[in-house]
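Data first, discussion second: the structure below is written as structure tokens.
Remember, predicted model here, so these are calculated numbers, not experimental data. Computed from heavy atoms alone, side chains included, the values below leave out hydrogens, waters and symmetry copies.
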Amino acid sequence: MKKAVLAAGTGAVVLVAALVPAGPKVQAATEADQAAQAGTSAPRGFGSAVSSVQSKAWQTNASVNTLAVSGDLVFAGGLFTRVRPPGNASGVGDAPRKYFAVFNRTTGVPTKFAPRVNGPVWSVATSPDGKRVVIGGDFTVVDGVPRSRVAMFDVASGKLVAGWDPAVNYRVAALKVTGSTVYLGGSFRLVDKVARNRVAAVSSSTGALLPWNPDADDDVHALETSADGSRVFVGGGFTQIGGRDDHALAMVNPSTGAAYAMPAAAAIPELTPGCDSRVKDLEVQGDKVFAANAGAGVGCYDGVLAANAKTGKLIWQSHCLGATEAIKAIGNWLYKGSHAHDCSADGEFPDKTGMHHLLVYSTLTGKLGPWFPNTNAGGETLVGPLAFASGGNDLWAGGDFTQVNGVPQEGLTRFTNVPGGAAPARPAAPKVASARPNKVTIAFPTVLDRDNISLTYLVYRGNTRIGTYTRSSNSWTKPAVTSMTDSGLTSGQTLSYHVVVSDGRNTQKSPTVSVKVR
């Protein structure tokens with residue numbers, strides 16, 4: 001144990017803790033201290049790229065399965081048939097949007113772009129120039145025109161692209177659009193009556209079937225391309241693809257469909273009767289590709305991994321249990337939608353701490369970061385979030401949840417980088433006592449903040465700050481208690497104490513307590 005004695009005007013302060021408080025001297029309340037006590041914000045960003053406080057957005061009456069962002073538009077597909085304003089109960093002020101809706105990215109309000117689709121939408125992707133949007137799913141008719149499980153729209157007009165009509169015989173669950181190609185993945189076996197097992201490519205300009213044919217032996221759930229276009233990444237439940245025995249994750253040639261070696265795939269357990277771990281989402285950022293897994297079976301792999309997008313070599317891997325359905329990279333953060341309940345294998349939270357449906361990882365290290373909003377899991381998936389999309393400074397989340405941060409919000413929500421963020425919880429009144437002459441002991445526990453792990457605690461005697469401490473805490477560890485001793489006081493006087501906690505922007509002040517000095 002270390003002890004520090006600080007000059008304190010009428011007394012001295014002794015810290016009884018592992019860490020010495022910041023600041024060599026106790027000082028009178030400064031302008032910054034006064035601002036903290038008044039509850040004003042300091043000009044500092046939250047820990048992750050977006051706040052954990054949800055911004056207003058319209059909601060849906062059923063699950064959102066897929067999302068894409070282009071410019072100031074957000075494209076959402078799923079099982080829903082109506083949308084309604086935030087805060088409204090189901091059926092109140094709603095509008096028809098059957099299986100597909102388009103929202104303004106700035107306001108969260110639906111646009112007039114409202115095609116009529118006759119079946120669920122499971123995938124959506126936009127062209128690199130943002131002029132086209134493609135949807136895939138179970139539908140067979142769009143705006144009264146035959147469209148067999150895949151359709152393309154002109155974004156400016158909101159109309160179907162005439163003549164672009166590949167015929168796919170079963171669900172299209174994954175899409176990736178490049179300048180010349182639309183890659184399709186799903187459960188299908190035929191495209192334009194030609195054999196294409198679960199993965200195919202068509203021309204982005206004409207819709208004509210292309211020779212590309214990796215031939216997967218099980219469903220494909222996710223598709224992505226490398227930043228330079230030299231690789232196509234495929235995720236799903238397959239065990240053979242592109243002429244190789246690859247399970248769940250593959251890297252293939254964009255022209256021939258032949259699979260390259262993907263060493264990172266070895267980090268995903270082989271398919272067994274007791275474990276079926278499938279890649280449900282893929283994300284490419286620079287020279288990295290990230291894969292999200294959902295496992296069927298007790299203890300089956302549900303984590304996230306990062307691999308080199310050129311060599312396919314594993315960079316890092318998380319092993320949290322609780323199926324991962326969605327990932328999205330923003331800056332140095334990788335956001336995850338899952339029902340994570342046990343990350344003890346990574347040295348993080350253990351089982352029985354509740355479901356953590358929204359988390360963030362460092363893209364560099366794979367360690368959990370400071371972002372802890374939450375949803376519930378309102379549907380059969382038991383996951384909650386099922387899809388992510390971002391325009392770079394926001395994160396849209398879709399799923400089968402009905403609450404976000406404990407507030408009713410169904411199917412769709414968004415998080416932005418608007419300054420402010422979540423405030424720390426209000427600290428409890430410090431415990432103070434004077435058991436020895438001329439001394440007062442003060443003890444206070446840490447609190448939680450959904451945007452931060454590390455918080456600053458300012459301890460005050462009256463209006464004089466007598467200690468500053470930096471402490472880390474999260475929901476799965478017991479709050480740490482910091483104890484200190486205020487010494488050299490005058491016997492018989494009555495003193496008051498309180499604690500102010502700050503995340504750099506928001507502050508919370510504890511109740512004030514008094515004690516008579518012995």
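Put simply, the side chain of Phe372 does not reach to within 4.5 Å of the side chain of Ser52, judged on heavy atoms. At least one side-chain heavy atom of Leu448 sits under 4.5 Å from a side-chain heavy atom of Ser473. With contacts defined as side-chain heavy-atom distances shorter than 4.5 Å, the pair Arg505/Asn452 qualifies. By the 4.5 Å heavy-atom criterion applied to side chains, Asp72 and Asn104 are counted as neighbours. Between Ile268 and Leu305, some side-chain heavy-atom pair lies under the 4.5 Å cut-off. Arg189 is listed as a side-chain neighbour of Asn169, based on a closest heavy-atom distance under 4.5 Å. Leu412 is not listed as a side-chain neighbour of Trp58, based on a closest heavy-atom distance of 4.5 Å or more. Annotation: side chain of Phe153 is in contact with side chain of Phe113 (closest heavy-atom distance under 4.5 Å).
Asp218 and Thr239 share no side-chain donor-acceptor pair at under 3.5 Å. Arg132 and Ser204 are not linked by any side-chain donor-acceptor pair at a separation below 3.5 angstrom, with hydrogens and angles left out of the test. Side-chain atoms of Asn61 and Arg97 form no donor-acceptor pair, as typed in the model, at a separation below 3.5 Å.
What you find for Phe388 and Ala326 is that their closest heavy atoms are CE1-O, 3.7 Å. Residue Ser510 comes nearest to Ala428 through the heavy atom pair CB-O, 3.4 Å, listed as atom of the first residue, atom of the second, then distance. Of all non-hydrogen atoms in Tyr183 and Thr225, the two that sit nearest each other are CE1-CG2, 4.2 Å. Here the shortest heavy-atom pairing between Ala227 and Val284 reads N-CG1, 4.1 Å. Between Phe100 and Pro115, the closest heavy-atom pair is CD2-CG, 3.3 Å. In this structure, Pro86 and Lys56 approach most closely via the heavy-atom pair CG-CB, 4.2 Å.
Salt-bridge check for Lys310 with Asp228: passed, with a basic side-chain N closer than 4.0 Å to an acidic carboxylate O.
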Go through Thr375 and His357 one step at a time and tell me if the side-chain contact (heavy atoms from CB on, under 4.5 Å) criterion holds.
CA-CA 6 Å; Thr375 72; His357 296 284; 3.4 Å; yes
Met152 and Val134: CA distance, side-chain angles, deciding distance, side-chain contact (heavy atoms from CB on, under 4.5 Å) verdict:
CA-CA 4 Å; Met152 179 184 284; Val134 182; 3.8 Å; yes
Go through it in stages, so that I can follow the logic: the residues are Arg105 and Asn393, the test is side-chain hydrogen bond (donor to acceptor under 3.5 Å, both in side chains), and I'd like the CA-CA distance, side-chain angles, deciding distance and then a yes or no.
CA-CA 11 Å; Arg105 189 174 138 237; Asn393 62 355; 2.7 Å; yes
Stepwise side-chain hydrogen bond (donor to acceptor under 3.5 Å, both in side chains) test for Asn308 and Asp287:
CA-CA 6 Å; Asn308 183 286; Asp287 61 357; 4.9 Å; no
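Taking the ring centroids of Phe349 and His356, they lie under the 6.0 Å cut-off. Ring centroid separation for the pair Tyr335 and Trp371 comes in under the 6.0 Å cut-off. Taking the ring centroids of Phe139 and Tyr99, they lie at or beyond the 6.0 Å cut-off.
The side chain to side chain donor-acceptor pair (under 3.5 Å) check on Asp281 picks up nothing, with sequence neighbours excluded.
Judged by the 6.0 Å and 45° rule, Arg231 forms a cation-pi pair with Tyr260.
Ring orientation note: the planes of Tyr469 and Phe444 are tilted relative to one another, at an angle of 30° to 60°.
Thr181 places no side-chain N or O within donor-acceptor distance of the main-chain N or O of Thr178, the cut-off being under 3.5 Å.
Note that the CG atom of Asp346 and the CG atom of Leu368 stand 7.5 Å from one another [nearest 0.5 Å]. One distance of note links OG1 of Thr60 with CZ of Arg84; it measures 7.0 Å at 0.5 Å rounding. Separating the CD atom in Gln508 from the CG atom in Leu455 is a distance of 11.0 Å, to the nearest 0.5 Å.
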